[in-house]
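One structure is given below, encoded as structure tokens.
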Amino acid sequence: MQVDLHAHSTASDGTEPPADLVAGAARAGLGAIALTDHDTLEGLDAAAAAADALGVRLIPGVELSCQWDAGAMHLVVLFLEPGSGPLQDRLAGLRAARDGRNARIVERLVGMGIEITLDEVEAEAGGGSVGRPHLAAVLVRKQVVPDIPTAFDRYLAAGRPAYVGRERLTPAEAISLARASSAVPVLAHPFTLGIALDSELRATLRGLAEMGLIGVEVEYSTHLPEERLRLRRIAADAGLLPSGGSDYHGAYKPDIQLGVGKGDLAVAGSILDDLEAARPTMLPAR
């Protein structure tokens, strides 16, 4: 059985509705799919209904951005059930901060003479959580830029004129909230940390493991085969389990396909089994 433990829907910055994403997983022959939208669990109900109908296992999850100076740190949190809980409740504040950030980005773009409104961006998101890919898509549609990568390079990426930072959890806070919610925190695409040396990456992963991190995304769409082997060794040295996923976004990342990434990705079901076995037990309420 093959699985995909990192995918996005229109509930955040993907282009396919949650039910369609699950249908795509079924067509791809996947036994399980994790819906890991940014800062939201809003797509899970629709995804769960589709998964039940199609015989695909749905792993509820979320992707979080953490404070990290050297590069970008994202955590994929697996087995995060919808409803109330320590991390679930914190997501509401993160979404509110994201909304404020989007409004400020629009203000900056308007200040540069670009005709764009927040209503247009929200319409692009189709009712889901708004993110920079939606802003980029509107810029493409208005022919301000030729494509989404150019929108980021020219306006939206860190250090570019329309970029606005947003509220982020510390790694310790994000990991603690995940574990307190009986969920499994996994470091996503670790090369975006901006750490070049294996020795430094190993030390960083050991530090995160001491905070309670459980897994590392070893199998990933843009990782070369030799990079996957390196990451497996480094993760094992830090006492962390391997995870894997495509980071599928639909048309926003057209070169990435569900389940197979750029064609050579294959995440074994045993990886999911091991991560589930390491799932923390929720602490009883005091």
Side-chain angles (χ1 to χ4, degrees), residues 3-28 30 32-51 56-66 72-80 82 87 91 94-95 98-99 101-102 121-122 124-138 140 148-149 151-152 156 166 168 174 178 183-189 192 217 219-223 243-262 265 267 272:
V3 303
D4 192 332
L5 303 181
H6 187 169
H8 298 272
S9 76
T10 51
S12 67
D13 59 347
T15 60
E16 295 179 9
D20 292 355
L21 184 73
V22 174
R27 289 194 299 272
L30 298 177
I33 177 77
L35 180 57
T36 56
D37 281 314
H38 295 277
D39 301 336
T40 184
L41 304 176
E42 291 299 319
L44 288 175
D45 287 346
V56 176
R57 184 181 180 190
L58 176 70
I59 309 301
V62 72
E63 185 170 6
L64 304 172
S65 298
C66 296
M73 178 186 288
H74 289 186
L75 294 184
V76 165
V77 179
L78 302 172
F79 305 104
L80 184 68
L87 179 54
L91 292 178
L94 294 176
R95 289 195 298 274
R98 178 185 283 266
D99 291 342
R101 177 206 198 194
N102 293 327
V121 180
E122 290 173 346
E124 176 68 27
S129 178
V130 177
R132 285 181 295 164
H134 302 118
L135 287 149
V138 173
V140 173
I148 286 176
F152 276 84
L156 301 173
R166 64 182 175 89
R168 300 174 189 270
V184 174
V186 171
L187 178 66
H189 37 72
T192 63
E217 206 166 59
E219 306 294 335
Y220 186 70
S221 292
T222 60
H223 291 172
S243 184
S246 63
D247 199 5
Y248 180 74
H249 283 72
Y252 288 149
K253 291 186 178 181
D255 59 332
I256 303 297
Q257 299 302 309
L258 196 63
V260 298
K262 293 192 173 186
L265 183 69
V267 184
L272 174 60

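As the structure is a computational prediction, the values presented were derived from the model and not from experiment.
For R57, the salt bridge (charged side-chain N to carboxylate O under 4.0 Å, His left out) test picks out E276, with sequence neighbours left out. Scanning for salt bridge (charged side-chain N to carboxylate O under 4.0 Å, His left out) contacts around D247 gives K253, with sequence neighbours left out.
The closest donor-acceptor contact from the side chain of D13 to the backbone of G131 lies at 3.5 Å or more, if one exists at all. For the pair T192 (side chain) and H189 (backbone), a donor-acceptor distance under 3.5 Å is present. Here the side chain of S65 pairs no donor or acceptor atom with the backbone of H74 at under 3.5 angstrom. With hydrogens and angles disregarded, a donor-acceptor distance shorter than 3.5 Å links the side chain of S221 to the backbone of S246.
The distance from atom CG of D37 to atom NE2 of H249, rounded to the nearest 0.5 Å, is 8.0 Å. Note: L44 CG to I59 CD1 = 11.0 Å, rounded to the nearest 0.5 Å. With values rounded to the nearest 0.5 angstrom, L135 atom CG is found 10.5 Å from I148 atom CD1. The NZ atom of K262 lies 11.0 Å from the NE2 atom of H223; values are rounded to the nearest 0.5 Å. Between E42 atom CD and L35 atom CG the span is 11.0 Å, to the nearest 0.5 Å. One finds the CG atom of D4 at 11.0 Å from the CD atom of Q257 (value rounded to the nearest 0.5 Å).
Pairing each heavy atom of H38 with each of V62, the nearest pair is C-CG2, 4.4 Å. Smallest separation of non-hydrogen atoms from L265 and Y220: CD1-N, 3.5 Å. Taking all atoms of both residues into account, the shortest heavy-atom contact from T36 to L5 is CG2-O, 4.0 Å. When all heavy atoms of T15 and A251 are compared, the pair lying nearest together is OG1-N, 2.8 Å. Considering all non-hydrogen atoms of both residues, I33 and A25 come closest at CB-CB, 4.0 Å. Listed here is the closest heavy atom pair of L58 and A48: CD2-N, 3.5 Å.
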Item to complete: With side-chain contact (heavy atoms from CB on, under 4.5 Å) as the test, would you mind laying out the steps for R132 and R101 before giving the verdict?
Response: CA-CA 10 Å; R132 285 181 295 164; R101 177 206 198 194; 3.5 Å; yes
Worksheet entry | side-chain contact (heavy atoms from CB on, under 4.5 Å) assessment of V184 paired with V77 | CA-CA 5 Å; V184 174; V77 179; over 6 Å; no
Discussion item. Go through it in stages, so that I can follow the logic: the residues are L87 and L80, the test is side-chain contact (heavy atoms from CB on, under 4.5 Å), and I'd like the CA-CA distance, side-chain angles, deciding distance and then a yes or no.
Written reply: CA-CA 8 Å; L87 179 54; L80 184 68; 3.7 Å; yes
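Checking H8 against E63 by side-chain atom types alone, a donor-acceptor pair falls below 3.5 Å.
Looking only at side-chain heavy atoms (C-beta outward), L41 and P60 stay at 4.5 Å or farther from each other.
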